[in-house]
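The model shown is predicted, which means the values in this text are computed figures rather than measured ones.
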Amino acid sequence: MTPRTDLITASRVDLALILLPAITWLQASCMLAASGVPVEVAARVMALPLERRMIDALRFRTIAP
């Protein structure tokens, strides 16, 4: 995959995935659509959140002290 260049879209997707336990998939999908995330991107990350690009997965790792 190509390196991520659109950090704004990535941040919007991150927020939707973080909120997903508290909101429905429909609400998350509507939020992504309203914020301009392409439909194919929203569908992919909503269906397969663990299949995100490696750089995104690394951002969520915590560093042990």
What verdict does the side-chain contact (heavy atoms from CB on, under 4.5 Å) test give for Gln27 and Leu19, after you've listed the backbone C-alpha separation in whole Å, the side-chain angles of each residue and the deciding distance to 0.1 Å?
CA-CA 10 Å; Gln27 291 170 318; Leu19 292 175; over 6 Å; no

Exactly one of Val37, Ile8, Ile18 clears side-chain contact (heavy atoms from CB on, under 4.5 Å) with Val13, and that residue is Val37

Rounded to the nearest 0.5 angstrom, the CG-CE distance for Leu17 and Met46 is 7.0 Å

With a 4.5 Å heavy-atom cut-off, do Leu15 and Arg12 have their side chains touching?
no

Smallest heavy-atom separation, Pro38 atom then Thr9 atom, equals CD-CG2, 4.5 Å

Between atom CG of Leu20 and atom CE of Met31, what is the distance when rounded to the nearest 0.5 Å?
9.0 Å

